[in-house]
Amino acid sequence: MIRYISKRFLRAFITLFIILSVVFILVRQMPVEGYFPNYDKMSKAQIENGIRQLGLDQPMYVQLFRFFRDLLSGDLGISRVYRNNVAVTEILAPKIPLSLQLGSLALLVSLLAGLPMGVLMARHKGRFFDHLGTVFIVFIQAVPAAVYYLFIQLYGTEWMHIKMLFDASDWKSWILPVFSMSLGNIAYYAMWVRRYMVDELNKDYVQLARIKGLKSSKIMFRHVFRNAFVPMAQYLPTSFLNTVIGSIYIESLYSIPGMGGLLVDVIKRQDNAMVQAIVLLFATVGIIGLILGDLMMVILDPRISFGTKAGNR
Amino acid sequence: MKKLIALALCLCMVFAMTACQTTTSPSASTEPGAQPTGGSESPEAVETTGANALGDSDAMVYSSLYASEVSSLNYLIEGATNEQTVGANVIDTLVEYNSTAELVPGLAETWKCSEDGLTWTFHLRQGVMWYDYQGNPVAELTANDFVSAAKYVCDPANESATDYMILDLIAGASDYYDQVSAYYETLEEGAEMDDDASGADFGTVGIKAVDDYTLQYTTVDVYPFFPSCLTYVCYMPAYGPLLDELGQDFGTSNDKMYYCGAYILTEYEPQVKRTYEKNYQNWDADNVYITKLAQTYNAESSTLAPAMVLRGEIDYADIPTSMVDEWLQSYPEYLSKDRAVPDYSYFYCFNFRAGSGSPDRISTWEANGWEPANWDLAVSNANFRHAIMSAFDRDYSMYALEPDADARADVTQHTITPSTFTSVDGVDYSALPEFDNVDQYFYDEAKAAEYKAAAVEELTAMGVTLPVKMVISYRSDDSDWEQESILLKQQLESVLGTDFIVCELYGGPADGFRVEVRHNGMYGFMRCNWGADYEDPSTWAQPFAVDDSVRDSDGAVECNSYNDMDIALTVESDLTPILEAYYAKVDEAKAISDTAQRYSAFAQAEAMLIENAIVVPYFIFPSSYVATKLNIFEGQYAPCGVSNLRYKGQKVHDSYITMDEYEAAYDQWLVDMGTN
Amino acid sequence: MAIFKHHAKIEALEKSLNESLSTALSEEEQFQFAEFDEAEVERSGYSNYSYWRSTLKMFSKNRIAMFLLVLMGALVVFTFIQPYLPGQIDYFQVNNDSTTGMPLRNVPPGDVVELTDGTQFRFILGSNNIGQDLWANIWAGTRTSLFIGVAVALVEATLGILVGVLWGYVRKLDFIFTELYNILDNIPTTIVLILVAYILQPSIGTLIFAMSLTGWIGMARFIRNQIIIIRDRDYNLASRCLGTPTYRVIFKNLLPYLISVIMLRMALSIPANIGYEVFITYIGLGLPATTASLGNLINVGRSLMLSPALRYQLIYPTIVLSIITISFYTIGNAFSDAADPKNHR
């Protein structure tokens, strides 16, 4: 088991290294103006000075080497455009916790609402609950989030008699953003659970359990639900990451100073140091998420063992 | 066993996530920038010391949203209006404008100019203090702080975007700059850049502190308008010891600068909020009415702000033109306008070198089917340009920005220098006789047909393929501008016919538009703008100035000047004599110190650009529709610089300004302006 | 956004195909002599079962799916013929008021207005604030968005099959592709999408490229796994021994097994891609606003949502987008049910 995990982590490091190198080279293909907030009003001498100072006149492999050297010593670089001359770590520090809180709350809500909903729909297959749930799922998938988020904010705040913008110290103002963020995943989990449970209900072991005289609710939760949950658990960490990245709409609407819109923002402003740092962060979370997901699957499902390559599922 | 592990892992995950919440939230709120508790406590602490500049902050609060964050607070280097708004409100200048555009004493109580017109001496107000972001006094403001700030601006390492205002005007400044710059080039890469080590002596620059309260500027030439320059950001003071200590970190956050202006930036959390509080110790605090400016970041503010105004959550919102009709009907009590200010002029420019001659960009043009070589040929032809200028119905394309016909007529300009910018002997600059001829070149479909006929003949002879592809560029995130371009395209094509011209629309990137599109020559015919830096017509010649320093010898151009009209000089064409004559005229005008003659010469030069259809004057930006509780006419007003960005003098009214109130205030203001 | 990536349906269908392919027989069973039985020979010698006929039959039983399929077909056809129908205005054209000569502003849906050329024109779905016809814009936008969606789905399928087949069939390539997969699959799709959309100039081609960049991986992975399972089956071994060329083995013996999953993936990929277009437009990296697309229309409409009188500019494009999404989603699901051999009776 330890060998397997260490192998996975080694692989993860190599992957991270490659992703970062590719992104590093990619962002360096962009015009140098990204390094200077005042580029359009600077003289040529100023620009040349700046480029030399930043080491941009060096060959790519030297730049790449320096980047990784700095990275290993914990230096993510300095933002040049997004916030002139401020260390990237200093910018990210207050944003990460907030995104984590919102993301995990949203994930929690979507699990707490999505799973029971799926179970209910499966139990009432073809009846009212099932249809109602289907309408909800279809609606969430069909209408662009950009549209219904705005509706929720406008009418939700009016209905709740609260301010339109987010205020971390007022618990009421957390409700709508978290709710909005979890909607997509609620639909997704409900759909997933329903589908698997409906499939599993026809299986022989369920028939056997019925014949054995087990209570239907016990069959549902002890046997069927667990089997349905296993493959989904694998994607939970990834889905958490997607929730955070996908929170860009919510963050811009409610003025939440999180990570969601940051990547888009710094890419558009060509702040290379920030782009790299955020890609590093997201890629790391993504990769660790995949490993975690595989581990969870191995642990939850007795049929899968560490010996087999997790890729061959 | 596995069950247990599974359960444990699941729980771990959930707890880990919820735990982040409990463990991290206190740390989030103890961030130095955040400190909601510290912010509310400090005013109380102040009362006891008595010297603290912050007072009761509930008296008059003005709250608003903003969608674009400043990249730094460093007013000495930032070049964009958004960033300069901070400096304008937290730092005072030597002189300032009042609400009717008169220069009045600021940090300087008196000033005078020497006989030869080259040396300006300012006597500073005594007892003005620097305060930190918590309102605690730090040190007294002296003349040395102006010298330190200027030295900072003139250090190439600081990459100031506004340094040209000092380098061009102050004796010895550009020499000093070049010396330091040359020294930096000898440095090893990564070595620390210290201007003091360069051996260049800032004492040779014409900015001197004679004593603590006397400041002396020596200019390159006679500039009667010089005091108006001093309201610009690069002439603002900064506490010298702090500049030395922080260097490039100066102004990166609100605790990394000191304040001497009407407001103190007590809170600055990028992309969260900014809070300005009134400085009660300011020398002119009696004229500062709003006690707190609460600005909240919201990326969707253009969508949300109108709704928040209606719910009374904020005091200001821009109302997009597409919604004006509905607001006029449903919420007339909320709707008024912003003042149209002649500090920025908009004009359409032709680009004379596709892709500014760079092979890479020319191939982009070709890939887009824009026929760059054909364009370069066509645009050098006078009749072609005149055909476009006279076919261009400015009123029609302006409709995208301003649906009201009267308002459109008010802002339309027939000169690059906007009307009411300056006047000589009671005659407005734009009404000088030198401009009598320009009107005949504007919109006239009959003339357009004549020019077109002449152009077709000449262009065919030159080997130009018709129709000519003309690229109209705009910034892709500016939907009004985009619609304006659509109207322009359709209108030009319908007057001139698609057998003569086909307009290609190009939406440039929202960020770095100026470099990507204007400097890189990614346009054929485009709306450009320029803001006045000081009160003299020469400021309006600046966007067209020749910029030799940035031309590469091989003709490929890394362009850096504001508008690249001079690029036309890199290749011999019909334009060459016209432009040479223009530049000669500008140089001649710059050397004249008699105001009437100087203005006349500048007007002649400007008229050459218009009469040769090189630049098509357009408008000063139509005043946008707003919902606001401020009466804009109570604030400082100037046709140049950053005075219009100041909140000093303005009051938050109990209700929103209505259109009637706005009109009345506007009329009153015009009367007041007339009486000076 | 990521909803479609690991879709339950796809998982289920893949699983069921896997099961049907990899039934493990015990040693005993494999080597047991079977008794000769005339009747059994007769029975197993002939079957009129056809996989595709059964699939189609099952699918056509689902009335809603059939209706939506017909609707989508009609919609696609209509987007192409709409500009050529009589009485249509080009979507880009600015229409002027006949009295003022200035552009029309926000004409409400259904209003009849006299244009400068003297014709009376009915704005079925109204106009925007410079008099562009929303009806024509929506159809032009649907055309663009559907084109992007279908193009990306096709690229993904082609690339996915190609790589998947190579990956599974050529043993030497397995290591390289597996490592490549491990890297590519680890990068969040959104990041790739944003980066590529930004670095390249915004255009339809760019968007298709950016979206196709990641989507094929899942497909390739699936094809590879299937091929590894099937390639050494006895009948394939036999085919190879008889000298059947590799491509023929792949096309005749392998791919038909996989076609249902491929089609399901494509059907679900189309609405997902249209959704991505809306997302990219929202973050400001989308198509130039002069190109009509559903993303652009919705983005413009969003800013007017607060004003009830102008809300129609948001609602109509959203309805069209929703119908397209629901249709593809329903059709895809119905198809996957129909394509599952277990449901063939």
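Chain letters run A, B, ... following the sequence lines, proteins first and then strands; every chain starts at 1.
Contacts of Tyr474(B) with chain C are made by side-chain atoms alone, with heavy-atom separations under 4.5 Å and no backbone atom involved. Neither the backbone nor the side chain of Asp393(B) comes within contact range of chain C, judged by heavy atoms closer than 4.5 Å. If you measure heavy-atom distances from Glu300(B) to chain C, the contacts under 4.5 Å come from the side chain alone. When heavy atoms are compared at a cutoff of 4.5 Å, Leu304(B) approaches chain C solely by way of its backbone atoms N, CA, C and O.
Taking 4.5 Å as the limit, every side-chain heavy atom of Glu482(B) sits out of range of all side-chain heavy atoms of Pro288(C). With a 4.5 Å cut-off on side-chain heavy atoms, Met305(C) and Thr303(B) do not count as touching. Considering only heavy atoms from C-beta on, Val94(C) stays 4.5 Å or farther from Gln491(B) through its side chain.
The CD atom of Gln490(B) lies 6.5 Å from the CG atom of Asn96(C); values are rounded to the nearest 0.5 Å. Taking CD1 of Ile130(C) as the start and CG of Leu487(B) as the end, the distance is 4.5 Å to the nearest 0.5 Å.
Across all non-hydrogen atoms, the minimal contact from Glu326(B) to Leu310(C) is OE1-CG, 4.2 Å. What you find for Ser303(C) and Met323(B) is that their closest heavy atoms are O-SD, 4.0 Å. For Tyr396(B) against Gly101(C), the heavy-atom pair with the smallest separation is CE1-O, 3.5 Å.
At a heavy-atom separation below 4.5 angstrom, chain B is approached by Asn128(C), Asn129(C) within residues 112-129 of chain C.
Among Ile486(B), Leu310(B), Thr321(B), the residue making the largest number of heavy-atom pairs under 4.5 Å with chain C is Ile486(B). Ranked by heavy-atom pairs under 4.5 Å with chain B, the first of Gln132(C), Gln93(C), Met102(C) is Met102(C).
In Phe209(C), the CZ atom is not crowded: 12 or fewer heavy atoms of neighbouring residues, nucleotides or ligands sit closer than 6.0 Å.
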For this session: Assess whether side chain to side chain contact (heavy atoms under 4.5 Å, CB included) is satisfied between Tyr399(B) and Thr100(C), documenting all intermediate values.
Result: CA-CA 12 Å; Tyr399(B) 182 82; Thr100(C) 60; over 6 Å; no

